[in-house]
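Quick note on labels: first sequence line is chain A, next is B, and so on, each numbered from 1.
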There are 2 protein chains.
Amino acid sequence: MREAALALFAQHGYAAVSMRRIAQEVGVQAGALYNYTPDKQSLLFDLMQGHMDDLLNARSQEPVCTSALARLEAFSRFHIRFHLERPQAVFISYMELRNLTPRNFAVIEDLRRRYEGELETILRDGRDIGAFHVADTKITTLAIIAMLNGVNTWYRSGGRLSLPEVEAIYWDMVRKAVT
Amino acid sequence: MREAALALFAQHGYAAVSMRRIAQEVGVQAGALYNYTPDKQSLLFDLMQGHMDDLLNARSQEPVCTSALARLEAFSRFHIRFHLERPQAVFISYMELRNLTPRNFAVIEDLRRRYEGELETILRDGRDIGAFHVADTKITTLAIIAMLNGVNTWYRSGGRLSLPEVEAIYWDMVRKAVT
DNA sequence: GTCTATAGATTGATAGAC
DNA sequence: GTCTATCAATCTATAGAC
């Protein structure tokens with residue numbers, strides 16, 4: 001059910017996808033879905049929370065780097081790799097924020113800010129030791145993440161560029177932008 | 001009607017907003033709206049097409065710069081300024097692409113590509129004369145636009161930073177990323 | 001745990017009075 | 001050009017049989 005909902009929400013949007021349509025994709029009747037989710041809103045929230053949990057868990061299991069540059073490179077490459085591996089979940093977690101209830105929205109926002117905080121810490125530490133030159137760590141954090149997220153709008157596996165090539169191109173831009 | 005639809009679509013999403021809700025905002029009954037739009041889809045399309053037309057028109061009326069660096073700076077500052085002036089239209093034009101009919105989608109996509117082409121031309125010309133060092137002009141184009149678009153996710157007028165300060169910070173990052 | 005059936009509300013769009 | 005009224009379809013969610 002979650003798999004079907006993920007694909008359908010990503011393609012048509014949460015509000016435009018009915019429980020009947022999800023059930024059809026799963027191969028059951030609509031009523032049967034309510035054995036697995038209390039309602040449609042919880043289904044959306046679970047998908048988004050699961051994605052953010054995956055993101056933070058995967059990040060925490062990455063090897064720790066010592067130098068400022070190596071930390072930033074590791075983050076940039078991890079971010080691209082992780083997000084390119086699950087484009088649908090990424091898409092939903094950004095596009096469907098406004099369809100969350102205020103309570104659910106606050107939870108997702110908190111997870112998102114925690115992730116952004118990891119990058120900001122890297123930038124601030126690097127700036128403090130003179131490794132980076134950034135005008136504003138908060139804005140630079142958001143600018144870098146926005147730029148890296150942009151990969152998902154055009155990258156298709158099997159295309160002109162391989163994942164390592166994409167990582168290298170973006171890392172080069174990130175590195176130059178902060179040094 | 002367009003004004004009300006713009007605000008409501010931006011806040012709740014096209015699929016989640018009913019014609020009755022738009023009519024309520026305008027102060028008429030739902031049926032009256034159909035004197036101004038043949039259907040809901042056309043209303044969305046007109047908003048998006050109007051936004052893209054505004055963008056290309058505004059861009060074409062900007063003063064022409066000669067040096068590669070000045071051209072890129074003018075584009076970056078123009079992009080930030082234009083997009084921060086109409087956050088709702090920007091939001092809709094990106095988020096509601098999947099709610100366009102295939103025919104309407106193709107029209108908007110063409111306008112978007114035309115705009116991106118202006119930046120790519122700047123980058124290619126600059127690279128050809130040795131002013132810029134970019135690994136891939138197409139990807140760099142998308143990366144820069146993604147980064148600049150990110151401003152709209154956090155900037156609020158009257159906040160910590162003024163528009164000229166924001167422009168300066170982003171221009172600094174763009175400049176360093178390509179030189 | 002899935003089914004059929006349905007309640008109760010809402011949707012986009014139209015018809016016809018004025 | 002706006003109104004009331006409504007059609008026909010669709011929606012989320014639930015009830016109860018099996």
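Residue B:Phe75 forms a ring-ring contact (aromatic ring centres under 6.0 Å, His included) with just one option from B:Trp171, B:Tyr115, B:Phe82, and that option is B:Tyr115.
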**OP:** Take A:Lys138 and A:Glu116 through the test salt bridge (Lys or Arg N to Asp or Glu O under 4.0 Å) and record every step on the way to the result.
**Re:** CA-CA 9 Å; A:Lys138 186 63 193 161; A:Glu116 290 174 359; 3.7 Å; yes
Original post:
Can you list the steps and then say if B:Phe45 with B:Phe105 is a ring pair (Phe, Tyr, Trp, His ring centres under 6.0 Å)?
Top reply: CA-CA 8 Å; B:Phe45 175 65; B:Phe105 178 80; over 10 Å; no
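In this structure, the CD atom of B:Gln24 is 11 Å from the P atom of C:dT11, given to the nearest Å. A straight line from CG of B:Leu8 to P of C:dG12 spans 12 Å, rounded to a whole angstrom. In this structure, CZ of B:Arg20 is placed 17 Å from P of D:dT2, rounded to the nearest angstrom. Taking atom CD on B:Gln29 and atom P on C:dA13, their separation rounds to 17 Å, with Å as the unit. Atom CE in B:Met19 sits roughly 14 Å away from atom P in D:dC3 (whole-Å rounding). In this structure, the NE2 atom of A:His12 is 12 Å from the P atom of D:dC11, given to the nearest Å.
One hydrophobic cluster, built from ILVMFWY side chains closer than 4.5 Å, holds both A:Leu84 and A:Leu55.
For the pair A:Arg175 and A:Glu73, the salt-bridge criterion is not met [side-chain N within less than 4.0 Å of a carboxylate O]. By the 4.0 Å N-to-carboxylate-O rule, A:Glu85 lies too far from A:Arg81 to be salt-bridged with it.
Within the structure, every pair that satisfies the side-chain hydrogen bond (donor to acceptor under 3.5 Å, both in side chains) test and touches residues 58-67 of chain B, not counting sequence neighbours, is listed here: B:Arg59-B:Glu118.
Where A:Gly31 and A:Ala16 meet DNA chain D, the nucleotide closest to each residue was compared, and A:Ala16 sits on the side nearer the 5' end.
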For nucleotides 16-18 of chain D, tabulate all protein N/O to nucleotide N/O atom pairs closer than 3.5 Å, reporting atom names and distance.
none

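Taking a 4.0 Å limit (strictly below) on heavy-atom distances, residues 33-41 of chain A reaches DNA chain C at A:Asn35, A:Tyr36.
Side-chain contact between A:Trp154 and A:Val166: present, with at least one pair of heavy atoms (C-beta onward) separated by less than 4.5 Å.
Rounding to the nearest 0.5 angstrom, the gap separating the CZ atom in B:Phe78 from the NE2 atom in B:His83 is 7.5 Å.
Within the 4.0 Å cut-off from OP1 or OP2 of D:dT10, not a single side-chain nitrogen or oxygen of A:Ser18 is found.
Residue contacts shown for B:Val17 are limited to sugar-phosphate atoms, with no base heavy atom under 4.0 Å away.
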